[in-house]
Amino acid sequence: MTATIIDGKAFAAKVREQVAGHVSRLKEEHGITPGLAVVLVGEDPASQVYVRSKGKQAVEVGMNSYEHKLDAETSEADLLALIDQLNNDPAVHGILVQLPLPAHLDSDLVINAIDPAKDVDGFHISNVGLLGTGQKSMVPCTPLGCLMMLRDHHGSLSGMNAVVVGRSNIVGKPMAQLLLGDSCTVTIAHSRTKDLPEVVRRADIVVAAVGRPEMVPGDWIKEGATVIDVGINRIDAPEKGEGKTRLVGDVAFSDASKVAGAITPVPGGVGPMTIACLLANTVTACCRANGLPEPTGLTA
């Protein structure tokens, strides 16, 4: 068996196209332009790349993009004052504070200062609780992207046995809640799970989100299972030359792709969906703020 490759890059392009269509209709029919504000504190190189990409893609789909770049020494009080200003700005429908923050800032305090209705990352404790109880919430972008790809590939997920490897608040836990919401039978597994290989082998759907390079080998995968690899890990690649590296996921792709029915590659799988879902969440937040019907197919 050779697995079907789930092309996250192509799927993300389709999502962005849908978002652009909704943005165009909001402008033409209601005179509203969705606005996304991204806050970057400090000069972390990876964060700078992410922020530039988010701003660029927001503009490409017709949104307003507001970037706030603050010094690494910015005080907590000043950062909270900016968030309060954005909370009260009617032109801003989505607020994202780029993580990680400098060590002197309390990430939980900062995230929970964002208006939950504008929390397009879905990290606010209110959104976590709403998602966990099956109520309308802002959904974290990476798990939402995984869910969209699974729905697209399978149609209905009802009754499928899903294993989420990883229990983070950002991916593992919300992913499990979304799969439960689609009537899967869900197991959250992790590094201390007893007989982890056997637990994974029972799964029709495997979502790997542990942050360990190629932790899940091919012989853990049930024949025909769908594998969603959230991991993005940089490892040495001596075959490319001295000091060179390459990106791999949490799943050993070459072996797993010989057993799985479908699998996401790394790179080009889940990664592109994260920003696409951030844009989708911003449109959803804009519609909710203005009492308009939510866009179909862009949220859980």
Side-chain angles (χ1 to χ4, degrees), residues 1-16 38 40-60 67 69 72 96 98-103 141-143 145-146 149 153 164-166 168 170-172 175 189-191 196-197 200 206-221 225-279:
M1 175 181 289
T2 302
T4 298
I5 304 301
I6 299 175
D7 188 341
K9 188 174 181 181
F11 194 84
K14 287 192 338 189
V15 172
R16 290 195 303 272
V38 180
L40 174 64
V41 185
E43 298 182 356
D44 179 79
S47 293
Q48 289 182 320
V49 171
Y50 292 145
V51 166
R52 277 198 302 273
S53 183
K54 288 166 183 173
K56 179 173 177 285
Q57 291 191 34
V59 170
E60 285 174 351
E67 291 185 13
K69 296 180 180 179
L96 180 149
Q98 183 66 46
L99 301 177
L101 290 171
C141 301
T142 300
C146 295
M149 289 191 291
H153 182 72
V164 179
V165 188
S168 72
I170 293 174
V171 180
M175 187 76 247
H190 45 80
S191 60
L196 179 58
V200 176
V206 178
V207 181
V210 285
R212 295 187 185 181
E214 300 180 326
M215 174 185 164
V216 179
D219 64 5
W220 287 17
I221 304 300
T226 300
V227 179
I228 304 293
D229 191 349
V230 181
I232 301 178
N233 310 286
R234 193 169 289 281
I235 64 170
D236 293 335
E239 71 278 6
K240 290 185 172 183
E242 188 176 348
K244 297 293 185 179
T245 61
R246 62 187 176 93
L247 291 178
V248 298
D250 292 347
V251 177
F253 180 85
S254 60
D255 291 337
S257 61
K258 296 170 185 172
V259 184
I263 190 169
T264 58
V266 176
V270 174
M273 285 297 295
T274 298
I275 297 181
C277 288
L278 172 68
L279 303 177

**Student:** For Pro272 and Ala12, work out which heavy atoms get closest and say how close.
**Tutor:**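 Reported closest heavy-atom pair: O-CB, 3.4 Å.
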**Student:** Please name the pair of heavy atoms, one in Pro102 and one in Ala72, separated by the smallest distance, quoted to 0.1 Å.
**Tutor:**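 Scanning both residues, the minimum pair turns out to be CG-O, 3.7 Å.
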**Student:** If every non-hydrogen atom of Cys141 is compared with every non-hydrogen atom of Cys277, which pair is closest and at what distance?
**Tutor:**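 Reported closest heavy-atom pair: O-CB, 3.6 Å.
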**Student:** Any side-chain heavy-atom pair from Val266 and Phe253 closer than 4.5 angstrom?
**Tutor:**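 A side-chain contact is absent here, since even the closest heavy-atom pair is not under 4.5 Å.
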**Student:** Contact between Tyr50 and Ser53 at the side-chain level, heavy atoms closer than 4.5 Å - yes or no?
**Tutor:**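 Not in contact.
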**Student:** State, with a plain yes or no, whether a side-chain heavy atom of Asp250 is found less than 4.5 Å away from one of Asn233.
**Tutor:**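 In short, these two side chains touch, coming nearer than 4.5 Å.
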**Student:** Measure across Gly55 and Glu67 and return the closest heavy-atom pair with its distance rounded to 0.1 Å.
**Tutor:**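 Minimum heavy-atom contact is CA-OE2, 3.7 Å.
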**Student:** Are Leu40 and Lys54 packed together at the side-chain level, in the sense that at least one heavy-atom pair is separated by less than 4.5 angstrom?
**Tutor:**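 Not in contact.
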**Student:** Rounded to the nearest 0.5 Å, what's the gap from CD1 on Ile263 to CD1 on Ile5? Could you check?
**Tutor:**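 Ile263 atom CD1 to Ile5 atom CD1 measures 6.5 Å (nearest 0.5 Å).
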**Student:** Should Val270 and Ile228 count as side-chain neighbours, where that means a heavy-atom distance under 4.5 Å?
**Tutor:**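 With C-beta onward as the side chain, the pair touches.
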**Student:** Quick check for you: to the nearest 0.5 Å, what is the distance between His190 atom NE2 and Leu196 atom CG?
**Tutor:**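 These two atoms lie 9.0 Å from each other.
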**Student:** Below 4.5 Å, heavy atoms only, C-beta onward: do Ile232 and Pro267 meet side chain to side chain?
**Tutor:**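 A side-chain contact is absent here, since even the closest heavy-atom pair is not under 4.5 Å.
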**Student:** How long is the span from the CE atom in Met215 to the CG atom in Asp229, to the nearest 0.5 Å?
**Tutor:**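 Those atoms lie 12.0 Å apart.
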**Student:** State the CD-NZ distance between Glu43 and Lys69, to the nearest 0.5 angstrom.
**Tutor:**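 It is 9.5 Å, given to the nearest 0.5 Å.
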**Student:** Please find the pair of heavy atoms, one from Leu279 and one from Ala58, that lie closest to each other, and give the distance.
**Tutor:**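 For Leu279 versus Ala58, the nearest heavy atoms are CD2-CA, 3.7 Å.
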**Student:** Could you state the interatomic distance from CG (Asp7) to CE (Met149), rounded to the nearest 0.5 Å?
**Tutor:**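 These two atoms lie 9.5 Å from each other.
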**Student:** When you compare the side chain of Ile235 with that of Arg246, does any pair of heavy atoms fall below 4.5 Å?
**Tutor:**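 They are in side-chain contact.
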**Student:** Return yes when atom CD of Gln48 has more than 12 non-hydrogen atoms of other residues, nucleotides or ligands closer than 6.0 Å, and no otherwise.
**Tutor:**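 Counting neighbours around CD of Gln48, more than 12 heavy atoms of other residues, nucleotides or ligands fall under 6.0 Å, so yes.
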**Student:** Ala262 and His153: which non-hydrogen atoms are nearest, and at how many Å?
**Tutor:**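 That would be CB-NE2, 3.5 Å.
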**Student:** How many angstroms lie between CD in Gln57 and CZ in Arg16, if you round to the nearest 0.5 Å?
**Tutor:**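 Going from the CD atom of Gln57 to the CZ atom of Arg16 covers 4.5 Å.
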**Student:** Taking C-beta and beyond as the side chain, do Leu96 and Leu278 meet within less than 4.5 Å on heavy atoms?
**Tutor:**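 The answer is yes; the side chains approach within 4.5 Å.
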